[in-house]
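Okay, so here's the structure we're looking at.
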Amino acid sequence: MFDRPIETPVSQTDQPLTSADATPSGPVAPAEATRESLRKYERIAPVYDLLDAIYERSWKGRLREHAFAGLSGRVLDAGAGTGCNIPYYPADAAVLAADLSPGMLARAERRAQRLGRPVEFRETDLTATGFADDTFDAAAATYVFCVIPEEVQRAALAEMTRICKPGAEIRILDYTQSKKPLVKAWSRVMTPWLNFAFSARYTAGYERYAQEVGLETIDSRFLIGDVVKLLTLRVPEK
């Protein structure tokens with residue numbers, strides 16, 4: 001599918017991150033946060049689609065196409081999970097679906113087979129993918145940063161920036177913290193369940209970290225109230 005080889009990623013889930021992963025604005029991203037996320041998603045992989053079904057059918061699914069519309073070339077689906085994005089992949093794109101959890105990816109592969117869609121799958125840590133610089137023409141992450149540990153979100157965005165070509169779009173479809181009192185109150189009620197089931201929250205700092213790693217914001221718009229946002233970023237020219 002890719003016209004030049006992609007380097008095989010080195011798994012980081014069983015290794016401590018080194019000083020090379022440190023950033024000027026904070027400490028080294030802790031490997032334990034990544035390992036705990038992997039453990040949770042390996043446990044829930046067999047029932048993930050069932051747990052998420054009501055959200056997927058009522059609103060999440062219909063928003064996914066916004067993250068992929070118009071993308072072409074080599075496209076990374078970052079944090080592909082069980083493959084819910086697959087029906088929305090552009091027909092003329094060569095998509096690589098990456099995820100930390102082999103259990104989730106196994107279900108994504110079966111989904112792709114059922115749909116008859118050619119997709120390459122790769123088990124990898126988004127903070128250290130092992131892909132070469134400038135590998136992808138675009139990338140998308142849907143409902144991913146709400147579950148990535150806060151401690152490693154900046155590292156994940158820095159890595160996505162590195163492996164995407166200059167000028168490439170990175171699209172993030174995800175939750176944000178509402179400013180409306182009633183919605184914030186409801187979010188507080190729902191947060192324990194989201195955290196228990198999916199390690200998710202409404203307060204992920206991905207937008208701030210995108211600015212810190214030098215990504216340019218070219219579009220930022222809410223798709224549901226002030227809770228679900230599509231953020232379109234551009235990798236700066238070198």
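Below, each value reflects all heavy atoms present in this structure, side chains not excepted, and no hydrogens, waters or symmetry copies.
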If every non-hydrogen atom of [X] is compared with every non-hydrogen atom of [Y], which pair is closest and at what distance?
X: Leu38; Y: Pro102; result: CD1-CD, 4.1 Å
X: Arg117; Y: Pro90; result: NH2-O, 3.9 Å
X: Asp92; Y: Ser72; result: OD2-CB, 4.3 Å
X: Val144; Y: Gly79; result: CG2-O, 3.4 Å
X: Ala80; Y: Ala97; result: CB-CB, 3.6 Å
X: Val235; Y: Thr161; result: CG1-O, 3.9 Å

Would a line drawn from the ring center of Phe131 to the ring center of Phe136 be shorter than 6.0 Å? yes
Backbone N or O of [Y] within a donor-acceptor pair of the [X] side chain at under 3.5 Å?
X: Asp226; Y: Lys179; result: yes
X: Arg107; Y: Ala45; result: yes
X: Glu169; Y: Leu71; result: no

Rounded to the nearest 0.5 Å, what's the gap from [atom1] on [X] to [atom2] on [Y]? Could you check?
X: Asp77; Y: Thr142; atom1: CG; atom2: OG1; result: 6.0 Å
X: Asp99; Y: Leu126; atom1: CG; atom2: CG; result: 7.5 Å
X: Leu157; Y: Arg208; atom1: CG; atom2: CZ; result: 11.0 Å
X: Leu231; Y: Arg221; atom1: CG; atom2: CZ; result: 11.0 Å
X: Leu100; Y: Thr129; atom1: CG; atom2: OG1; result: 12.5 Å
X: Tyr209; Y: Glu150; atom1: OH; atom2: CD; result: 3.5 Å

Does [X] belong to the same Ile/Leu/Val/Met/Phe/Trp/Tyr cluster as [Y], with side-chain heavy atoms less than 4.5 Å apart forming each link?
X: Leu50; Y: Leu105; answer: no
X: Ile224; Y: Leu230; answer: yes
X: Tyr55; Y: Leu63; answer: yes
X: Val227; Y: Leu223; answer: yes
X: Phe222; Y: Tyr206; answer: no

Residues Thr127 and Asp125: side-chain donor-acceptor under 3.5 angstrom: yes
Pairwise side-chain contact, Cys164 with Leu76, heavy-atom cut-off 4.5 Å (strictly under): no
Determine the interplanar angle of the Tyr175 and Tyr143 rings, folded into 0 to 90°, and report it as parallel if under 30°, tilted if 30 to 60°, perpendicular if over 60°. tilted
Let's go through Thr135 and Leu96 carefully: what are the C-alpha distance in whole Å and the side-chain angles of both, what is the deciding distance for side chain to side chain contact (heavy atoms under 4.5 Å, CB included) to 0.1 Å, and is it a yes or a no? CA-CA 11 Å; Thr135 294; Leu96 187 144; over 6 Å; no
Quick test of your reading of the model: are [X] and [Y] salt-bridged, counting only N-O distances below 4.0 Å?
X: Asp49; Y: Arg111; result: yes
X: Lys165; Y: Asp137; result: yes
X: Lys60; Y: Asp52; result: yes

Could you walk me through whether Arg162 and Asp133 satisfy the salt bridge (charged side-chain N to carboxylate O under 4.0 Å, His left out) test, starting with their C-alpha distance in whole Å, then the side-chain angles of each, then the deciding distance to 0.1 Å, before giving a yes or no? CA-CA 6 Å; Arg162 181 187 68 80; Asp133 291 356; 2.6 Å; yes
As a quick check of understanding, evaluate side chain to side chain contact (heavy atoms under 4.5 Å, CB included) for Ile148 and Gln153, giving each step before the final call. CA-CA 6 Å; Ile148 293 178; Gln153 287 194 18; 3.8 Å; yes
Before giving the answer on side chain to side chain contact (heavy atoms under 4.5 Å, CB included), spell out for Arg64 and Glu56 the whole-Å C-alpha distance, their side-chain angles and the decisive distance to 0.1 Å. CA-CA 10 Å; Arg64 294 181 184 277; Glu56 192 65 36; 2.7 Å; yes
Is there a side chain to side chain contact (heavy atoms under 4.5 Å, CB included) between Val213 and Arg154? Walk through the geometry before answering. CA-CA 7 Å; Val213 302; Arg154 189 185 191 282; 3.9 Å; yes
